[in-house]
Each structure stands twice: as C-alpha cells, then as structure tokens.
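Given the structure is predicted, the values throughout are model-derived calculations rather than measurements.
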Amino acid sequence: MGIKSRKRIRKNLEFYSSTFGFREPYKVLVDGNFLHFMRETQLCEVQDVLGKACNAKFVAYSTKCVSWELREMGSEFAETLIACRKLKLHKCEHEKAVPASQCLLEQVGKDNEDNWWIATQDDGLVQKLHDVPNAPSFRMTVNGLTLQKPSDKSVRIRDKMVRKSMHVSEWEKKTKAMKDVDFSGSQKAGVRVEKKKAKAPNPLACKKKKKRKQEVEEKTSEVPKKKRQRRKKKPQESTEG
C-alpha cells in the first residue's frame, strides 16, 4: 500500500471519528468474502491489517450467520471458516441463519448506533451501507486495503454540525460583549465604527543606508601611501694612531 492510500484512509477515518464519535478500539464486522480474500493473498490477521493501514486499534467480530454461509460454500472455504471462528462472536439474535450480507446490514441498522465498521467484498452490501450516513466499510483490492469515501449524506451532516457550532445562542446575544452587535447583518444605529489609523513608519526603515564595504575600500585606495625612506649608514672613521 502506497503513502497516498494510507493518507486517504486515515483522512476518512478521522472524518468518521470527529463527525460521528467513533472511538478506539474500533469494532469491525467481517464477512466471509473478506476473510477468504485475505487467506488467498496470504495476509495476516484482520485486525493487524486494519491497524497497520489506519494506525489505530481494531477488534474484529463475526456472526454465526457468516460462519453458516462459509460452511455452506463447501470444502474450498474450510480454512476460511476456521479463520472466521477465531474472531470474536457478535450475537446477531437470528434463530435461523440468514445471508451474511443481510445479517451485517441488520447489525448496522438505520443509524449505526453501535458504531460498527464493516469489512466486506460484497458490492451490493457496500451500496446499501452507502445509504446509511455513518456506516463506513473496508474493502480489499489487489493494491491493498481501501476505506470507502464518506457519502454525500455524511458530508451534509458534518457541514450542518459545523454551522451549528458556529451559531451564536440566544443567551450569548444578551451578554454585555454582544450588546452592540446586530446579528441581522446590518449595522446597529448609534454604534460608531472607528476607522483604522495609519500607522507610523518603521523607524528602522528611516535610517540612512550604511556605506558598503566596497565603497570604503575604493576611497581608501585613492589616497596614496607615503613611502618610507631608508637612511644610509655613515661609514665609521678609523682610529689608527
């Protein structure tokens, strides 16, 4: 998995955490197709793959309906069934087994109160989960793990929450600090708006420019230097008697 894919997954994960209150350790319901794909590609445990990609802690769950479906698929899925039974069991309350996609969709419900993540390879299930605002789903591809992009409904809910958080409540409008503020958009009568005064110039910008070192050197080079003259020594007189 590339760096861009990891960043995209973590960005979507942060979206669900901040908007819908998903918290670690995240709970993920896994279906048989997802497990079988991981076994075919010789990947490690589900929670390890998700944790490494998302840099977070996951706990993988399955249901008895998923196990029943794998058992009905025959000997080809025998090892996948063993891997499924190693996961934590979530009680789905189905007396008679139903298709795994139906079972997982019913656990999510209309608003996903339990904050489930779904790991599946079923396109039909992914499409139905996309209609639920806070039901994120994982999928395995040849290039690695992917986390489905938040739906338009999820984005609209997030935008609504942001606008609500920026809204000024009635008791805040009555405070002394908000007394002269007109929330209708027009200026309140009698309120004087002070104009910004021009700032004084920067004193450092008013200083005279210093002479460059090169100019000083040119001036000093124009002054001729005095040559020092060496004195000649007088010959010493002989003192012969």
Test of understanding: with side chain to side chain contact (heavy atoms under 4.5 Å, CB included), list the residues that count as partners of A100, not counting sequence neighbours.
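Once residues adjacent in sequence are excluded, the partners of A100 under the side chain to side chain contact (heavy atoms under 4.5 Å, CB included) criterion are V66, E69.
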Not counting sequence neighbours, which residues clear side chain to side chain contact (heavy atoms under 4.5 Å, CB included) with S154? List them please.
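With sequence neighbours excluded, S154 shows a side chain to side chain contact (heavy atoms under 4.5 Å, CB included) to F15, F20, P133, P150, S151, given in chain and number order.
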A56 backbone acceptor or donor facing E24 side chain under 3.5 Å:
no
For the pair T141 (side chain) and G144 (backbone), establish whether a donor and an acceptor sit closer than 3.5 Å, ignoring hydrogens and angles.
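Looks like yes, one N/O pair under 3.5 Å.
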Pairwise side-chain contact, [X] with [Y], heavy-atom cut-off 4.5 Å (strictly under):
| X | Y | value |
| --- | --- | --- |
| V132 | D111 | no |
| S62 | V30 | no |
| I118 | V28 | no |
| S67 | L81 | yes |
| T19 | N134 | no |

Residues 86-98 side chain polar contacts: donor-acceptor under 3.5 Å, at least two apart:
residue : atom : partner : partner atom : Å
H90     : NE2  : Q107    : OE1          : 3.1
H94     : NE2  : E106    : OE1          : 2.5

Rounded at 0.5 Å granularity, tell me how far [atom1] in [X] sits from [atom2] in [Y].
| X | Y | atom1 | atom2 | value |
| --- | --- | --- | --- | --- |
| D31 | L104 | CG | CG | 6.0 Å |
| I82 | L35 | CD1 | CG | 12.0 Å |
| T41 | H36 | OG1 | NE2 | 10.0 Å |
| R85 | K64 | CZ | NZ | 14.0 Å |

Please list all pairs meeting salt bridge (charged side-chain N to carboxylate O under 4.0 Å, His left out) that have one or both residues in residues 39-51, counting only residues at least two apart or in different chains.
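As it turns out, the salt bridge (charged side-chain N to carboxylate O under 4.0 Å, His left out) pairs with a partner in residues 39-51, which skip direct neighbours, are R39-E79.
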Pairs flagged by salt bridge (charged side-chain N to carboxylate O under 4.0 Å, His left out) wherever residues 118-131 is involved - sequence neighbours left out
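The answer is D123-R139.
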Taking all non-hydrogen atoms of both residues into account, name the closest pair between [X] and [Y] and its distance.
| X | Y | result |
| --- | --- | --- |
| P25 | V59 | CB-CG2, 4.0 Å |
| L145 | F34 | CD1-CZ, 4.1 Å |
| L147 | P136 | CD1-CB, 4.1 Å |
| N112 | A135 | ND2-CA, 3.9 Å |

Partner set under side-chain hydrogen bond (donor to acceptor under 3.5 Å, both in side chains) for [X], not counting sequence neighbours:
| X | value |
| --- | --- |
| R8 | none |
| S18 | none |
| Y26 | S17 |
| E72 | none |

Tell me every residue that passes salt bridge (Lys or Arg N to Asp or Glu O under 4.0 Å) with R10, counting only those two or more places apart in sequence or in another chain.
none
Are more than 12 heavy atoms from other residues, nucleotides or ligands located less than 6.0 Å from atom CD of E14?
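Check fails, neighbour count at 12 or below.
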Qualifying residues under ring-ring contact (aromatic ring centres under 6.0 Å, His included), relative to Y61, sequence neighbours excluded
W116
Quick one: ring-ring contact (aromatic ring centres under 6.0 Å, His included) partners of F138, sequence neighbours excluded?
F58, W117
